[in-house]
Amino acid sequence: MEKIVSLCRRRGFIFPSSEIYGGLSSCWDYGPLGVELKQNIKQAWWRAVVQERDDMVGLDTSILMHPQVWEASGHIKGFSDPLVECKSCHLRWRSDELEGDRCPSCDGELTEPRMFNLMFKTFMGPVEEATSVVYLRPETAQGIFVNFDNVLNTTRKRLPFGIAQIGKAFRNEITTGNFIFRTREFEQMEIEFFVKPETDKKWLDYWIEQRLNFYVNLGIKRENLRLRQHGAEELAHYARECYDINYLFPMGWAELEGIANRGDFDLVQHASSSGKSLTYFDEETKQQIVPYIIEPSAGVDRSFLAFLCDAYDEQPDNDETRVLLHLHPDLAPVKVAVLPLSRRENLVAFAKELYADLRQCWMVQYDDAQSIGRRYRRQDEIGTPFCVTIDFQSLEDNQVTIRDRDSMNQIRVPIAELRNTLQAKLEGEDLFVLPPGGMIWKEG
Ligand code: GAP
């Protein structure tokens, strides 16, 4: 984990929040490369679960919601963890995560556990009084449930169908840590998939498989993913059945995504609390039914950490170490780097023109500082799949080389073919499938 944290800082993926003031515990800022990677993860998810499906639509609901939402959802009553405090050093712990019954920091005696609600409270409007209390949402899901009827009426979707949302969630976690793994402000990617009650098992299995495939298709090694079923005693208050997709993080196996069968709990609760009907008219049986909900709920930040950990690699490089990120091209923050072999004026002008052209298609970096070897290493370290090198011969034959990050193999292609060739390679075509006029390139 130390290596990942250090890379994130060094290369501008993630910084401690409010660092010039000493930071704020468990809060992190995504830097120039981090914001690109995070954006790409969200885009890949949205593409897989909304854009490429005809049974899903998206939503973007507000973080602050009517306080009654949290009464009905059970969060005010039940969204709590057992908290204990050390009588000597006064550190606080989640008692269900402790191994013994003494303080892990100073071995002091602990208080009896008391339930601590994880929702952040704030006040709506200029008066701080009980009637103006609102909560920062602890999950994005509730924004979907309360819009079930709106979506049904405006999209005319029929069961089974789903609603997807990406957004911030907040939990006043008792213990945080492991970098961005557990924080108090984080982002979720949630699907609420509405099904006929008798088909819930089938759809739960279906979504487990879909979600495992999502991570594997984006490069996570299958052996680093595991499915874990929740025991009856650990099920959330709304869940009938739940599976975690666990990832082998540097600190051990831990939850990356949860996939739950929420049954009809949420729609029944909100219908009874709001007095509005949240049912669905089943054309087959000619009856009003309350759909069941299958919920695959993923964390953006945890996915970010999992993708980084899985992509991280070190290879011997003479006396040094070559650090590289084998990020899937869809996720890589920078897709292509443009590198003129030297800073000679005519070469730089040529390279900058190419850079301006390629930037219209992808995030591209231009770099002409230090040796070409060092520049390749800099790009490897941030996971750039391809480097385009412009040399003196390029000025004469209008050809450039493309270097592949993982194999370090190179091909040489006419500039007229460059955009299409890069596009094909970014989509997974083998490097040695050559465009017209292209050739395999051996340096020297
Ligand atoms: N709506 C269901 C729900 O929120 P959850 O298992 O509590 O379920 C879903 O959360 C996902 O959100 C988790 O699998 C994890 O990826 C992410 N998540 C939850 N709490 C988090 C935290 N404190 N920090 C970072 N990510 C978190």
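Residue numbers run from 1 in the order of the sequence given. Only heavy atoms go into these numbers, but all of them, side chains included; no hydrogens, no water, no symmetry mates. Ligands are counted one by one from 1 in listed order, and the atoms in each one are counted from 1 as well.
Salt bridge status for D317 with R377: present, with a side-chain N to carboxylate O gap under 4.0 Å.
Under 3.5 Å, the side chains of E314 and T321 contain no donor-acceptor pair of N or O atoms. Defined by atom type and a distance below 3.5 Å, a donor-acceptor pair is present between the side-chain atoms of R378 and Q370. In this structure, a donor-acceptor pair under 3.5 Å is absent between the side chains of Y215 and D310. Between D368 and Y366, the side chains place a donor N or O and an acceptor N or O closer than 3.5 Å (distance only, hydrogens not considered).
For the pair A298 and ligand 1, the shortest N or O to N or O distance does not fall below 3.5 Å. Looking at L256 next to ligand 1, an N or O pair under 3.5 Å apart turns up. For E255, a nitrogen or oxygen atom sits less than 3.5 Å from a nitrogen or oxygen atom of ligand 1, counting backbone and side chain alike.
Ligand 1 does not have E185 within reach: every non-hydrogen atom of the residue lies 4.0 Å or more from it. Not a single heavy atom of Y247 sits under 4.0 Å from any atom of ligand 1. No heavy atom of D301 sits closer than 4.0 Å to any atom of ligand 1.
Summary of contacts: the protein heavy atom closest to atom 24 (N) of ligand 1 is T183 N, 3.0 Å. Of the protein's non-hydrogen atoms, F186 CE1, 3.5 Å is the one closest to atom 18 (N) of ligand 1. Closest to atom 9 (C) of ligand 1, if we only count protein heavy atoms, is S297 OG, 3.0 Å. Ranking the protein heavy atoms by distance from atom 25 (C) of ligand 1 puts F181 O, 3.1 Å first. Of the protein's heavy atoms, G299 CA, 3.8 Å lies nearest to atom 17 (C) of ligand 1. In this structure, atom 12 (O) of ligand 1 lies nearest to the protein heavy atom Q188 NE2, 3.3 Å.
Proximity to R182 (heavy-atom distance under 4.0 Å) selects the following atoms of ligand 1: 23 (N), 24 (N). Below 4.0 Å from some heavy atom of R262 lie the following atoms of ligand 1, by number and element: 1 (N), 2 (C). The atoms of ligand 1 that sit less than 4.0 Å from any heavy atom of Y238 are 2 (C), 3 (C), 8 (O). In the vicinity of G258, heavy-atom distances shorter than 4.0 Å reach the ligand 1 atoms 14 (O).
Residue E190 holds the heavy atom nearest to atom 1 (N) of ligand 1 of all those in R302, E257, E190. Here the shortest heavy-atom distance to atom 5 (P) of ligand 1, taken over E139, R171, E295, belongs to R171.
Here M189 has no heavy atoms under 4.0 Å from ligand 1, in either its backbone or its side chain. Of all the heavy atoms of F79, none lies under 4.0 Å from any atom of ligand 1, so neither backbone nor side chain is involved.
Panel note: side chain K42, backbone G167; no donor-acceptor pair is recorded below 3.5 Å. Judged purely by atom type and a 3.5 angstrom limit, E187 has no side-chain atom pairing as donor or acceptor with the backbone of V300.
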Subject >> F249/F181 under ring pair (Phe, Tyr, Trp, His ring centres under 6.0 Å): CA gap, chis, key distance, verdict >> reply: CA-CA 9 Å; F249 288 99; F181 179 81; 5.2 Å; yes

Subject >> Test log, rule ring pair (Phe, Tyr, Trp, His ring centres under 6.0 Å), inputs F307 and H328 >> reply: CA-CA 9 Å; F307 282 120; H328 188 285; 8.9 Å; no

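Legend: residues meeting salt bridge (Lys or Arg N to Asp or Glu O under 4.0 Å) with E128, ordered by chain and number and at least two apart, are absent.
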Without placing hydrogens or testing angles, list every side-chain donor-acceptor pair under 3.5 Å for residues 23-33, not counting sequence neighbours.
unit_1 : atom_1 : unit_2 : atom_2 : d
W28    : NE1    : F179   : O      : 3.3
Y30    : OH     : D301   : OD2    : 2.7

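Taking the six-membered ring for Trp and thresholds of 30 and 60 degrees, Y238 and F265 have ring planes inclined between 30 and 60 degrees apart.
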